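For reference, the structure discussed in these notes is given below.
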Amino acid sequence: MIEVRYDRGVHLPRQDLWLDPWEAKRFAFVSHAHGDHIAPHEEIVVSEPTARLMQSRLPGARAEHVLPFGERRTAHGLDVMLLPAGHIFGSAQCLLFAGDETLLYTGDFKLRSGKSAEPAQWRQADTLIMETTFGLPRYRFPPTEEVIDQMVAFCRETIDAGEVPVLLGYSLGKAQEILCSLDGAGLTPMLHGSVYQMTRIYEQFGQSFCKYVRYNPNDVAGKVLICPPSANCSQMLERIARKRVAMISGWAVDPSAVYRYGVDAGFPLSDHADYHDLIRYVELVQPQRVFTLHGFAAEFARDLRAWGVEAWALSEENQMELHFGGSDVVRRSVPKAFGNAARRPDHSTPQSEFLAFANVGEVIAATPAKLEKIRLLADYLRDLASEQLPIATLYFTGRPFAQSDSRTLQVGWAVILRALQAASNINDTELHRIAGAHGDAGKAAFEVLDGQTAPQPFSLRESRKLFENLYRARGPSAKAKLLQNRLSILSAREGQYVVKILTGDLRIGLREGLVEEAIAKAFDVALEQVKEANMLLGDIGQTAALASRHELHRLELSLFRPIKCMLATPLPTAEAVWERFAGTTEQGDRVPALQTRPTVFLEDKFDGIRAQLHRSAQRIEIFSRDLRRITGQFPELADQARHLQEEVIIDGEIIAFEKGRKLTFFDLQKRLGRKSDGEDLFARAAADVPLAFVVFDLLWLNGESLLRIPLRERRRHLSGLQLPSQFQIARVIPAYSAAEIEQTFQQARRRLNEGLMIKDPESFYLPGSRGMFWFKLKKELATLDVVVVAAEFGHGKRNNVLSDYTFAVRDEATGELLPIGKAYSGLTDAEIAELTEHFKQNTVANYGRYRTVKPDVVLEVAFNSIQASARHASGLALRFPRIKAIRRDKNVDSIDKLQYARELASQRGNLPASFGRGA
DNA sequence: TTTGGCTGCCC
DNA sequence: ATTCTGC
DNA sequence: GCAGAATGGGCAGCCAAA
């Protein structure tokens, strides 16, 4: 019999024919236009409509065997016939004649006749390879007319109730089927942009639809909105206050689908065969053996075997008993072919996956438009095979390992430079000239390596291996050696991207946030779902993998999976804070109507480490702000948490704390990076720097998430907890005016705390969001007038400007100018440009990227605290220094004196300026 | 054995 | 941490 | 308003040079 294999697509090795392969192949049959895997194939067999659909958005030459339906033809030496598959417009099955044997491959198919696809046909075949997305008996779709009637009724009822019906269905195929179904119902469909585009393409090919309009946010009333599933929970839909959302999908026969998709209703209108039709199809084709693909392939094959038909599941994914078919995922989205030139590898090193990755990075770097970046990345990710997808996705966040992976490489600039030098054989001065000239490790790597290496193909899997080996190697020398060995056999572009990942900074104007958006776009899933999954997994690669299989919904918030912190937006004054609340009150939706004045919750802002503690009866973990597990750093707190009565996730701040003695962040820091191996640390650390856990939020209580109840309620639950002695609840003070906020801020400062947190009592806990519900008020301690004594070129886009200034105060005793800190932040690009010019003309000594300058530019520098330090010659250093202003009115004779800075430093707790100089 | 440089992680 | 900038 | 880029001080741990 015809040999059939599976390796990310069905392969017939004797015929050297691939059926819907995921990756570029020499010769392949492409069943329908959902596929985005077409472009790279060298030679394809397709139906005419599919070819035309492809041609319309994938111009360019490739060898195509365009075959009519129902006629036996020869293509590439093979004897084949295409039959309509009924899935979407143009979808085809492939019947292969090999000697006196036949094989029928269905692709995605359905038996019921749809309104926008050719009805399916069939022939007897010896081997049947069939798509079995809905291969469980419970997937039995009701009669189509019945479903359509229900759907129309849903739309009518929704409109009659003054709400907007929203129907979710894939842009290509399903949406047009919906559109046809609404024909004659007296409803006006309004199409989401992507649906609109697809529909227009259908029309170009002669399909006609009922009257519809394009999405217009101001005119949704009375219309039926048709959107792709990804639009659910999107901003576009959020804006429509009164709506009812329905998912149009075969999965809707499952009653839980409504909850899983987060919609109001579901209608099982499917482009796939249901269980009954799958069985019927096997009866029609009368095969001697069956191979099943996608969805419940293993289950369906088992059922067939029970009926006496020889049947086996083909793809490995099927063994996992998914609820969602892989085929739906991988092939659903429609590709954009433009801008893919980058994916064409350099011909010098063909087949290098890593080069393809790097080239995509280059194209993304080249466009400033965010949406374009997202699109480019989505196109790349969508094409990747399941093994490559998680790796490349991770790299686009600039990480060699997942965020939840605690491994660190210990490879920095020094190691990279050493490896670059050895790999390229250039001399030290030349290396430093190049490194200096760019101020960007990646660019320097490119220039250093260009033409100096003997590139070999580098797969993504090998790249992962490289990072793992770099981790394992002990010591900078060993790491540099390892890196050198690899760099010497990479192209310059690949070397550049290896270095970019090592430095943790791709600098292509795209980071985790946009990578999440790209995942959502690539696999047509909701952005919110991607973000939540990424947070819970702590692994964007895995997130992408799950998204590609539409399995994100399986992830749930749970104990010991850290939640991203809710963050606060900084504001400079109490008035500015109050405006945010008072301002929204007038529009009237944030604060309950019964209150005449808005209430805000005030808490002291503690200067410690943000921490999230998860506690069950069996286990306790503490996570840092970046979701790193830091339980080992605070053993006594973890130990005490056992005495809590409940299962909780609490959010708070770990501070250095001892009764009667003010401890600072500085004290706390001494405990921070400590290695925890053994009980001795327990006693020693605790004795050194005693701790307290100040709790200000409760996110989980006895099996239930509290994220989506108001802060007010969460606080109420929190106050009911019995806390161990080293835990304390942050005091909340309600306030009703800017004056009260200011007064409480001053009190917080007197309590030696950093400042004030101002929170909306009605707000939910929004993980990872720095929204308009939490604010922080933190004023500068004081400002110093200082003079710039040295300037440096910056990095990245500040490569060619002197953006980084070292500044000094005057030591009265000796008359010297003593450096006290550095800063760039606070100046606009224009000011930096101006100062660059000035310092270039007033350079005292030029050391390349660093130069001392004539001390004549006076800056007003703000900071939050000042303390003794060996970092600068003044013996003092500033915390959070930033430039307040260029004091053009001052000269070097009127800058602040060292003595004054010392006084500030010596004040207890660095009280605010008003307590110091009396200003 | 001490010290300085490097790295990562807190703010 | 802080701040600015482009989308 | 958000995401990204570019920048600050200071600690502990680790390795390699002194």
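Predicted model, so just to flag it, every value in this text is computed and none were measured. Lettering follows sequence order; numbering is per chain, from 1.
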Classify the nucleic acid contact of A/K884 as base, sugar-phosphate or nothing, counting any heavy atom under 4.0 Å across all strands shown. nothing
Do any side-chain nitrogens or oxygens of A/K370 fall under 4.0 Å of OP1 or OP2 in D/dA5? no
Looking at A/Y471, I'd like to know if the NZ or CZ of A/R407 sits under 6.0 Å from its six-membered ring centre while staying within 45 degrees of the ring's axis. yes
Base, sugar-phosphate alone, or nothing: which one does A/K776 contact when heavy atoms must sit under 4.0 Å apart? sugar-phosphate
Any base atoms under 4.0 Å from A/I374, or only sugar-phosphate, or nothing? Heavy atoms, all strands. nothing
Can you tell me if the side-chain N/O atoms of A/R580 get under 4.0 Å from OP1 or OP2 in D/dG1? yes
Taking only side-chain N and O atoms of A/R474, does any of them lie within less than 4.0 angstrom of OP1 or OP2 on D/dC14? no
Side-chain N or O of A/R798 less than 4.0 angstrom from OP1 or OP2 on C/dC4? no
Base, sugar-phosphate or nothing for A/S624? Non-hydrogen atoms, less than 4.0 Å. sugar-phosphate
Classify the nucleic acid contact of A/P570 as base, sugar-phosphate or nothing, counting any heavy atom under 4.0 Å across all strands shown. nothing
Report which part of the nucleic acid A/L371 touches: base, sugar-phosphate, or nothing (heavy-atom distance under 4.0 Å, all strands). nothing
Give a yes/no answer on whether the side chain of A/R507 brings an N or O atom under 4.0 Å of OP1 or OP2 in D/dA6. yes
